Amino acid sequence: MGLQQFLANRKLEELATTDQLTGLLNRRAMGDILEKELSRASRNNGTFALILGDLDLFKKVNDTWGHDIGDEVLVETARRLGAQMRAQDALCRWGGEELLIMLPETGIEGALKAAEKLRRVMADTPIATSVHAIPQTISLGVACWHDGEDIDRVIHRADEGLYLAKEQGRNRVATLEQR
């Protein structure tokens, strides 16, 4: 295989695993990473945590400023959250304005601290867009993997935490985990 073919294959792989707007991993790529992390944690009696985040009142951004500005908010959100990640963490655009973060070798206390840091990085500074500085907050749900669980169950518990954060007023971190 020549260099051109190699580069073309790499580009195709990148397109298949990357969200085109934000440059984050896409849901499919994250699914592969989660399955590998589940296998690793199962083999090594390890753990990992998931944080599911959703931008608060994002529909209002799109309705008020338009989808192009909404896209700018999503891109800046991805940049801000990505800047807070450790090298071993994985961040993906889960769908729409939802983001999923996987933190290997992280228990509930560490995951809650990480989620609070992400919440603050969004809430503390409005997002500068091409038309207006837009305040944007995020709500986050946190769950840790427990031995024997499948990935869908952990994601479901993170989603329940996210729902609780929204229900409690948004711009917060919530979990149903025992501490």
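A quick note: this is a predicted structure, and the numbers were derived from the prediction, not measured.
When the options Leu24, Leu52, Asp54, Leu25 are evaluated for a side-chain contact (heavy atoms from CB on, under 4.5 Å) with Trp94, the one that passes is Leu52.
Side-chain heavy atoms closer than 4.5 Å link hydrophobic residues (I, L, V, M, F, W, Y) into clusters, and following such links, even through other members, never connects Met102 to Ile51. Cluster annotation: Ile134 and Leu81 are assigned to the same hydrophobic cluster (Ile/Leu/Val/Met/Phe/Trp/Tyr, side-chain heavy-atom contacts under 4.5 Å, transitive). At a threshold of 4.5 Å between side-chain heavy atoms, the hydrophobic network of Ile, Leu, Val, Met, Phe, Trp and Tyr places Leu176 and Leu50 in two separate groups.
The line from CG of Leu91 to CD1 of Ile101 is 5.5 Å long, rounded to the nearest 0.5 Å. Rounding to the nearest 0.5 angstrom, the gap separating the CG atom in Asp32 from the CZ atom in Arg28 is 6.5 Å. Rounding to the nearest 0.5 angstrom, the gap separating the CG atom in Leu162 from the CD1 atom in Ile155 is 12.5 Å. For the atom pair CD (Gln88) and CD (Glu105), the distance works out to 9.0 Å, reported to the nearest 0.5 Å. Taking OG1 from Thr47 and CD from Glu37, the interatomic distance works out to 9.0 Å, rounded to the nearest 0.5 Å. The distance from the CG atom of Leu140 to the CG atom of Leu164 is 12.5 Å, given to the nearest 0.5 Å.
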Considering only distance and modelled atom types, tabulate donor-acceptor pairs under 3.5 Å from the side chains of residues 57-65, sequence neighbours left out.
residue : atom : partner : partner atom : Å
Lys59   : NZ   : Asp63   : OD2          : 2.6
Thr64   : OG1  : Lys60   : O            : 2.7

Name every donor-acceptor pair, under 3.5 Å, that has one atom in a side chain of residues 109-125 and the other anywhere in the protein, sequence neighbours excluded.
residue : atom : partner : partner atom : Å
Glu116  : OE1  : Arg119  : NE           : 3.1
Glu116  : OE2  : Arg119  : NE           : 3.1
Glu116  : OE2  : Arg119  : NH2          : 2.7
Arg119  : NH1  : Asn171  : OD1          : 3.0

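The ring-ring contact (aromatic ring centres under 6.0 Å, His included) pairs that include a residue from residues 25-54 are Phe48-Trp145, where partners are two or more places apart or lie in different chains. Sorted by first and then second residue, the salt bridge (Lys or Arg N to Asp or Glu O under 4.0 Å) pairs involving residues 92-102 (not counting sequence neighbours) are Asp19-Arg93.
If you chain together ILVMFWY residues whose side-chain heavy atoms come under 4.5 Å of each other, Tyr163 ends up in a group of its own.
Across every non-hydrogen atom of Gly161 and Ala174, the tightest pair is O-CB, 3.3 Å. In this structure, Ala49 and Cys144 approach most closely via the heavy-atom pair CB-SG, 3.8 Å. The two residues Val154 and Glu149 make their nearest non-hydrogen contact at CG2-OE1, 3.4 Å.
Every side-chain contact (heavy atoms from CB on, under 4.5 Å) that Ser130 has, sequence neighbours left out, goes to Ile69, Glu72.
Leu38 places none of its side-chain heavy atoms less than 4.5 Å from the side chain of Arg40. Side-chain contact between Leu34 and Leu100 is present, with at least one heavy-atom pair separated by less than 4.5 Å. Annotation: side chain of Thr22 is not in contact with side chain of Leu99 (no heavy-atom distance under 4.5 Å). For the pair Arg86/Pro104, a side-chain contact is recorded, criterion being any heavy-atom separation below 4.5 Å from C-beta on.
Side chain of Gln20 to main chain of Thr18: a donor-acceptor pair is present (N/O by atom type, distance under 3.5 Å, no hydrogens or angles). Using modelled atom types, one side-chain atom of Thr175 and one backbone atom of Val142 make a donor-acceptor pair closer than 3.5 Å.
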